[in-house]
Amino acid sequence: MARWDVEPGTVRTVVGNTAKAAGELQGPAESYAKHVQSAATNAGSLAGPCEAPGGLVGPALVAWANGVTPDLEFMAERTQRTLEGALLAVGAYEDGDQEMAERLERAAIEGRDPKDVLGGGKRQ
């Protein structure tokens with residue numbers, strides 16, 4: 001059986017600092033989206049016999065942003081699940097439920113939703 005040496009207060013501090021840093025990415029992410037949209041809209045047009053209002057750059061930017069967006073959303077969701085799982089694992093550890101702590105820790109590492117481990121309900 002695994003042996004743990006965990007400082008719950010330290011874990012909570014680290015998780016809190018990480019959550020704060022992740023939260024600070026919201027503004028830049030919104031700014032990024034606006035700038036990509038602006039760049040695509042103002043990329044010029046293609047003149048001549050093959051006239052196109054968005055030119056070549058605008059549609060390429062839109063396609064690129066559409067391809068990257070799911071990855072960015074996944075990173076945000078994975079971060080949230082991992083932090084929540086770590087906190088729940090520490091709570092189970094403090095409650096003396098080592099088996100649940102191990103299951104939640106594994107879910108946190110894998111980025112799975114901790115509610116899946118808890119059977120749909122959050123641990124208090």
Side-chain angles (χ1 to χ4, degrees):
M1 181 169 277
R3 191 160 177 254
W4 290 26
D5 183 13
V6 176
E7 295 287 335
T10 302
V11 172
R12 286 188 178 93
T13 298
V14 169
V15 168
N17 291 341
T18 304
K20 181 180 177 195
E24 291 172 356
L25 294 175
Q26 182 69 29
E30 290 171 359
S31 176
Y32 155 81
K34 287 177 186 173
H35 282 86
V36 168
Q37 182 179 8
S38 175
T41 302
N42 296 297
S45 61
L46 190 59
C50 299
E51 198 168 311
L56 299 174
V57 176
L61 280 172
V62 170
W64 178 79
N66 288 340
V68 170
T69 298
D71 293 336
L72 296 174
E73 290 170 347
F74 170 79
M75 288 182 350
E77 185 177 320
R78 171 87 186 241
T79 300
Q80 180 181 353
R81 287 179 174 186
T82 299
L83 296 176
E84 183 179 3
L87 289 177
L88 290 169
V90 167
Y93 171 79
E94 287 180 310
D95 291 345
D97 190 348
Q98 179 140 352
E99 181 183 337
M100 180 57 78
E102 290 172 359
R103 290 173 57 205
L104 286 162
E105 176 194 37
R106 197 170 16 250
I109 290 168
E110 294 170 358
R112 290 185 291 124
D113 192 335
K115 290 184 234 65
D116 293 344
V117 174
L118 298 172
K122 285 189 177 183
R123 183 184 194 89
Q124 297 298 317

If we ignore hydrogens and angles and just use 3.5 Å, is the side chain of [X] paired with the main-chain N or O of [Y] as donor and acceptor?
{"X": "D95", "Y": "D97", "answer": "no"}
{"X": "S38", "Y": "K34", "answer": "no"}
{"X": "R103", "Y": "V117", "answer": "yes"}
{"X": "S31", "Y": "G27", "answer": "no"}

Is there side-chain contact between [X] and [Y], with at least one heavy-atom pair below 4.5 Å?
{"X": "Y93", "Y": "V11", "value": "no"}
{"X": "M100", "Y": "L118", "value": "yes"}
{"X": "E105", "Y": "V90", "value": "no"}
{"X": "E84", "Y": "T82", "value": "no"}
{"X": "Y32", "Y": "V68", "value": "yes"}

Taking all non-hydrogen atoms of both residues, which atom of [X] and which atom of [Y] are closest, and how far apart?
{"X": "L61", "Y": "A39", "answer": "CD1-CB, 3.6 Å"}
{"X": "G85", "Y": "A108", "answer": "C-CB, 3.8 Å"}
{"X": "A92", "Y": "A101", "answer": "CB-N, 3.6 Å"}
{"X": "N66", "Y": "P70", "answer": "O-CD, 3.1 Å"}
{"X": "R78", "Y": "I109", "answer": "NH2-O, 2.9 Å"}

Shared ILVMFWY cluster between [X] and [Y], side chains joined below 4.5 angstrom?
{"X": "M75", "Y": "L83", "result": "no"}
{"X": "L87", "Y": "V6", "result": "yes"}
{"X": "L72", "Y": "V36", "result": "yes"}

Report task. Among residues two or more places apart or on two chains, list those pairs meeting side-chain hydrogen bond (donor to acceptor under 3.5 Å, both in side chains) that have a residue in residues 21-30. Result -> Q26-E30

Query raised in the report: Is the shortest side-chain N to carboxylate O distance from R106 to E110 below 4.0 Å?
Result: no

**Report entry** R12 and E94 ion-paired at < 4.0 Å
**Finding:** yes

Report summary line: Interatomic distance, CG@L88 vs CZ@R81, rounded to 0.5 Å, equals 13.0 Å

Query raised in the report: Between the side chains of Q98 and E102, does any donor sit under 3.5 Å from an acceptor?
Result: yes

